[in-house]
There are 2 protein chains.
Amino acid sequence: MRPTVHDIAAAAGVSLATVDRVLNQRPGVRLVTREKVEAAIRQIGYVRDVAAANLAKGRIYPIVFILPTGDNSFMHGLRSEVRHATLRSSFERTEIRIVEVPAFDVSALVAALDALQGRDLAGVALVATDAPEVWAAVDRLVYERIPVVTLVSDLTDSARHHYAGIDNIAAGRTAARLLGRFLGGHDGDITVLAGSMLVRDHRERLEGFSAVMAAEFPRLRLLPVLEGRDDPELARSLVSKALSASKDIIGVYSLGAGNRGLIAALKAVRPKRELTVVVHELTQHTRAALMDGTIDAVLNQDAGHEVRSAIRVMKAKADGQSVIADQERIRLDIFLKDNLP
Amino acid sequence: MRPTVHDIAAAAGVSLATVDRVLNQRPGVRLVTREKVEAAIRQIGYVRDVAAANLAKGRIYPIVFILPTGDNSFMHGLRSEVRHATLRSSFERTEIRIVEVPAFDVSALVAALDALQGRDLAGVALVATDAPEVWAAVDRLVYERIPVVTLVSDLTDSARHHYAGIDNIAAGRTAARLLGRFLGGHDGDITVLAGSMLVRDHRERLEGFSAVMAAEFPRLRLLPVLEGRDDPELARSLVSKALSASKDIIGVYSLGAGNRGLIAALKAVRPKRELTVVVHELTQHTRAALMDGTIDAVLNQDAGHEVRSAIRVMKAKADGQSVIADQERIRLDIFLKDNLP
DNA sequence: AAATTTCTGATTTACGTACATCAGAAATCG
DNA sequence: CGATTTCTGATGTACGTAAATCAGAAATTT
C-alpha cells in the first residue's frame, strides 16, 4: 500500500496538521521541524494522491481559448475539439470559455488578450499570430502569473509557458523529402501554397521545406509562394492561375489550410496534368482527395491531442507543477491512402 | 456544480442507499423503484465521479503481462515500457507482474496462460503466437471472466476482449506504397525479411504489402520471404546471402524485428549497392540507420502507448465498463530522417 | 389475518487529502 | 521572570462515493 499523510506524521513524529502545513507550504512550522518532515517524506517515498487532493479542494480551473474565425476545415475541427473539451469539463474541473477573433488580425488578438487581464484564470490558450504587439500582450498576462499556452502556431519571442503543436520545421522537411522522393529524379517546378507568412507555423514549414529541397533535390525548383489566407476560394484561384501559367509544375506543397480550394483546382486539370501533391491537415476534403489519388500524402497534427495537451499543461502550471515535456510532445502524423484512420 | 448521488436520491425521492444499490447493480431494489432512479439519473445527467469512487473502493487491479524473451530491441523496449508501468502502478491501483516465455513457443505460451487459471486477476495481456492451442488457452481464461488483451500481435480466432496494436495490414500496405513510390518507375526485385509466419502481425504485414505491390507496382517483383526469427545474427546472414545471390534487388522491406542484423548486412554492401529500405520499429539501431541513409523509412508502433492502452482496457473490462474504441486505436507512425522524435 | 419474504430508509464508517479552529507547548522578548 | 509571540497538536468537517448494518415498511405467501 502506498504511504499516506498519516504515515509521514508517524515517521516524522509530528502531528497530521504539521505534515499538512509542510505539504501545502503553509506558515507556522519551524525550520528544523519542516526539514524533519521533508526527510520523512523522501524516506518513505510519499507521493500525494492527486485524486483525493482534488476531491478535497474542489478546485476548478477557469480557462480561455482564443481561436481564429474562418471557415476552413482545420479551424472547424479545432473549435469542435475545444467544444468537446468543454463537455468533459465537469470531470476535469475545468471551465472553458471560447473567444473568437478574426484570423491574422493582430490588433483584434491583442484586444482579446488584454481583455483577460486581471481575471482570475487558470490559463489562456491561443492560436498566435506572430507579431511584437502579440508578444507584449502575452507577456502582460504572464506577468500577472496567468499560464499562457500557444496552440498550433508559436510566438517567436515571448514568455509564453508552453507551445502545444508540432515541430513545423520538421514537418516542412518531411514534406520536402516525401515530395522529392515521390518525384524520383524528375526535373520540374514545385508550387507552394501557404496561408499567411504572418503566422510562424507557415513560415517554419516553408523554411524546412526549402532547406531540404535546396540541399537534396536540386532538380526541383520552388516557385514563389502563393498566400491563400487559408481561404478555400482564394486558394482555388491562385492555384488555378499558377498551374496554367507554368506547364513545368510537377509538384504541389500546401502548408496551410483552405485545401478545399486547392483540391478543386487540382481536379479541374486532372487527369491531363500529372501532379504529386503533399498537403497539411487531414479533413474530410483532404481525406477524400487522398483516397481518390488527387493527393499523395497528408501531414497532420491531431487537433484533439493539442487541445488536451494544452489543458493538461495549463492546469499543471496553475498548480505550480512541472510538465513532462516528452509526454506533451505533439507528433506529426503522415497519412498515405493506406493508413487512414 | 456537477450532480451527486445525493441529488439523485432527492430527485427520485428515494434514499441514498437505494441509489447506491441501483448504481452498483446490487440486489434489493424493486423494478419500479430501479426505473424511477434510473430515470432521475438520466434526467439530471448524473455521471459517477470516478476519482471519488476509486478512492472509496480502494480496489487494486492485479494484471499479468506475458512477454516473449529475445534480445531484439523492440522486445527490450516493450519490456521496459511494462516495467515503467509497474512504477506508476501505485498511482493507477494496478499490480503488474511480468511472465517471460520463449518467443514463438506455442506450448510454453499455453503453459503460462494455463498457470493463470483460477487466479483472481483483473487482466492478462500477451504478445500472442497465433495457434489453435493458444486460442483455446485464451478462451479458457475468458471463460473464467478474466479480461484478456492481445498486445502487438493478435489471434485469428479467439474470444480475447481486445487487441492493443496497430492495423498490420494497413502497415504492410503503407510500406509497399512508400517503397514503390520511392523507387519511382524502376524495375527490380524486392526482398522481404520477416520474423516468423507463426505470428499474425508478420503475416498481415506481408499480406498488405504483397497486395499493394501486386496491384500498383507490377514492375517490382517480390522474392521469397526470409524468416529471420527476429534474431539479429540470423537476419544478417539471410540478407547477406540474398543480396549476393541476386543483383536485381533494389528494395528491402523488413517487417519484423532483428533489424540490427539487417543493417549490418546493408552496410556491408554499401555504397556499391543502391537499395531503398523500409523497416519496422524505431530503435536506436534503426534510428541511426535512418539518420545515415542506410534506411529510408521506419514504420513504428509506440510500445508505450500500446502498454498503457492495454492497461486501460483491462481495467475497464474488469469493471464491466465499455471502452472507447477510437481512443484506444494505436496509430502507425511513419518516420523519415526529418521527423524523428 | 398472521407469518414470512422482499424491499427500502436511515445511519455510519471509510478512502486520502485539504482546511479551519482552538488549546497548549515552546521559544523569544522585554 | 512574566508576557508575548511563534509554533505545534488535537480534533473536526468536508469532498463524492462505496459498503455495511439494522430497523421498518411493503409485498407476498400461508
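Computed from a predicted model, the values in this text were never measured in an experiment. Labels below follow one simple rule: chain letters A, B, ... track the order of the sequence lines, proteins then strands, and each chain is numbered from 1.
Between A/Ser15 and D/dA10, a side-chain N or O to OP1/OP2 separation shorter than 4.0 Å is absent. In terms of phosphate contacts, B/Thr18 brings a side-chain nitrogen or oxygen within less than 4.0 Å of OP1 or OP2 of C/dG9.
Residues from residues 35-55 of chain B with heavy atoms under 4.0 angstrom of DNA chain C, sorted by number: B/Leu55.
Judged purely by distance below 3.5 Å, without hydrogens or angles, the side chains of B/Glu328 and B/Ser309 pair a donor atom with an acceptor atom. Remark: the B/Asn300 side chain and the B/Arg331 side chain contain no N/O donor-acceptor pair separated by less than 3.5 Å.
Here the straight-line distance linking atom OG1 of A/Thr69 with atom NE2 of A/His76 works out to 10.0 Å at 0.5 Å rounding.
Using a 4.0 Å cut-off between a side-chain N of Lys or Arg and a carboxylate O of Asp or Glu, A/Asp167 and A/Arg329 do not qualify as a salt bridge.
Using a 4.0 Å heavy-atom criterion, one finds that A/Gly28 contacts the bases of the nucleic acid, with or without backbone contacts as well.
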Under 3.5 Å, which protein N or O atoms sit close to an N or O of nucleotides 21-26 of chain D? Give each pair with its distance.
none

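B/Phe91 carries A/Arg2 over the face of its six-membered ring, with the cationic atom under 6.0 Å from the centre and within 45° of the normal.
Listed candidates were C/dC19, D/dG9, D/dA19. Nearest to the side chain of B/Asp20 is D/dA19.
If A/Arg2 and B/Arg34 are placed on DNA chain C by their nearest nucleotide, the residue sitting closer to the 5' end is B/Arg34.
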